[in-house]
Amino acid sequence: QKGCGDNCPGEQVSWDDAQEFIGKLNQREGTDKYRLPTEAEWEYACRAGSAEAFSNGGIAELDCGKDANLDQIGWYCWNSKSRIHPVAQKKPNVWGLYDMHGNVQEWCRDWFGVYPYDEVTSPKGPTKGSYRAMRSGIWYSPARDTRCASRFGSPPHYRFRQIGFRLCRTP
């Protein structure tokens, strides 16, 4: 993104590209500790203990008006000025994670599918599918699409300007 500099989030990355990067990183370090988070892990990290729409509280605006909570922690259609922003410009959640609400969507490990209707702990996604799961909103998303629980899917080979990824590291 022009004007964003070296602190731009990674973008225009397909799920397949992310897997290739992770494979090379693991090979370089002689490990298998890096991977994409599952949807459940991503949401757990995003919530940081919150049961609200956002990690810092509830949602007051569904569309592109100002939402006081979201404005503090994320980029969306109201405050982004129609562009991607450098990382860590908004407040982090209480666990110190930045940009969990908006700016770019992030690929998850899981195939995208219907969530179970019953309450489950650490749900597992489908074992196969056509779309991979993505979380977070995009710099042009309405507030409702940047909630902790918002989820999307896309074919794993698709690259879009607004899609990136976040690594998960196992001990």
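All values derive from a computational prediction rather than experimental measurement.
- Side chains of I84 and P9 form a contact here, defined as non-hydrogen atoms less than 4.5 Å apart.
- Other residues, nucleotides and ligands contribute at most 12 non-hydrogen atoms within 6.0 Å of the OH atom of Y131.
- Although no hydrogens or angles enter the test, the distance criterion places a donor-acceptor pair under 3.5 Å between the side chain of N93 and the main chain of A45.
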Practice task
Take L167 and I22, measure what side chain to side chain contact (heavy atoms under 4.5 Å, CB included) needs, and give me the verdict at the end.
Solution key: CA-CA 8 Å; L167 289 179; I22 290 166; 3.5 Å; yes
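- For E39, the salt bridge (Lys or Arg N to Asp or Glu O under 4.0 Å) partners at least two apart in sequence or on another chain are R135, R151.
- Note: E43 CD to C108 SG = 9.5 Å, rounded to the nearest 0.5 Å.
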Exercise for the section: Test W15 against L36 for side chain to side chain contact (heavy atoms under 4.5 Å, CB included), laying out the working first. Expected result: CA-CA 9 Å; W15 187 91; L36 292 176; 3.3 Å; yes
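- Inter-residue side-chain proximity for I59 and D67 is flagged as met; some heavy-atom pair is nearer than 4.5 Å.
- Note that R132 lies outside the cation-pi zone of W107, set by a 6.0 Å cut-off to the ring centre and a 45° limit from the axis.
- The OH atom of Y34 lies 5.5 Å from the CG atom of L25; values are rounded to the nearest 0.5 Å.
- At least one side-chain heavy atom of Y76 sits under 4.5 Å from a side-chain heavy atom of L70.
- Using a 4.5 Å heavy-atom threshold, the side chains of D145 and F152 count as touching.
- Side chain of E29 to main chain of T31: no donor-acceptor pair is present (N/O by atom type, distance under 3.5 Å, no hydrogens or angles).
- Aromatic ring centres of F165 and W42 lie farther apart than the 6.0 Å criterion allows.
- Minimum heavy-atom separation, S55 to S50: O-CB, 3.6 Å.
- Here SG of C148 is found 4.5 Å from CZ of R47. Values are rounded to the nearest 0.5 Å.
- Side-chain N or O atoms of D99 include one that pairs as donor or acceptor with a backbone N or O of A88 at under 3.5 Å.
- Crowding of Y44 atom OH: a count of heavy atoms from other residues, nucleotides or ligands under 6.0 Å not exceeding 12.
- Residues A18 and V13 approach most closely at N-CG1, 3.8 Å, considering heavy atoms.
- Using a 4.5 Å heavy-atom threshold, the side chains of D17 and R159 count as touching.
- For the pair T146 (side chain) and A143 (backbone), a donor-acceptor distance under 3.5 Å is present.
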Practice task
Decide side chain to side chain contact (heavy atoms under 4.5 Å, CB included) for C168 and E41; before the verdict, give the C-alpha distance in whole Å, the side-chain angles of both, and the deciding distance to 0.1 Å.
Solution key: CA-CA 9 Å; C168 182; E41 290 168 333; 4.1 Å; yes
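- The CD atom of E52 sits 9.5 Å away from atom CG of N56, with the distance rounded to the nearest 0.5 Å.
- For the pair Y140 (side chain) and S80 (backbone), a donor-acceptor distance under 3.5 Å is absent.
- Between the CD atom of Q12 and the CD atom of Q162 there is a distance of 9.0 Å, given to the nearest 0.5 Å.
- No side-chain heavy atom of L97 sits under 4.5 Å from any side-chain heavy atom of P92.
- Of the possible donor and acceptor atoms, one in the side chain of S150 sits under 3.5 Å from a partner among the backbone N and O of R144.
- The CZ atom of R147 sits 12.0 Å away from atom OG of S136, with the distance rounded to the nearest 0.5 Å.
- When side chains are defined from C-beta on, V87 does not count as touching Q89, because their heavy atoms never get closer than 4.5 Å.
- Atom CG of N26 has more than 12 neighbouring heavy atoms from other residues, nucleotides or ligands inside a 6.0 Å radius.
- V104 and F21 end up in different hydrophobic clusters when Ile, Leu, Val, Met, Phe, Trp and Tyr side chains are linked at under 4.5 Å.
- Atom NZ of K33 has more than 12 neighbouring heavy atoms from other residues, nucleotides or ligands inside a 6.0 Å radius.
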Practice task
Test K66 against E61 for side chain to side chain contact (heavy atoms under 4.5 Å, CB included), laying out the working first.
Solution key: CA-CA 7 Å; K66 182 178 181 179; E61 169 64 42; over 6 Å; no
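- Side chains of P86 and C8 form no contact here, defined as non-hydrogen atoms less than 4.5 Å apart.
- Of the possible polar contacts, none joining the D110 side chain to the T38 backbone as a donor-acceptor pair under 3.5 Å is found.
- Less than 2.5 angstrom separates the SG atom of C77 from that of C64.
- Listed by first then second residue, pairs satisfying ring-ring contact (aromatic ring centres under 6.0 Å, His included) with a partner in residues 52-75 read F54-H101, W75-H85, not counting sequence neighbours.
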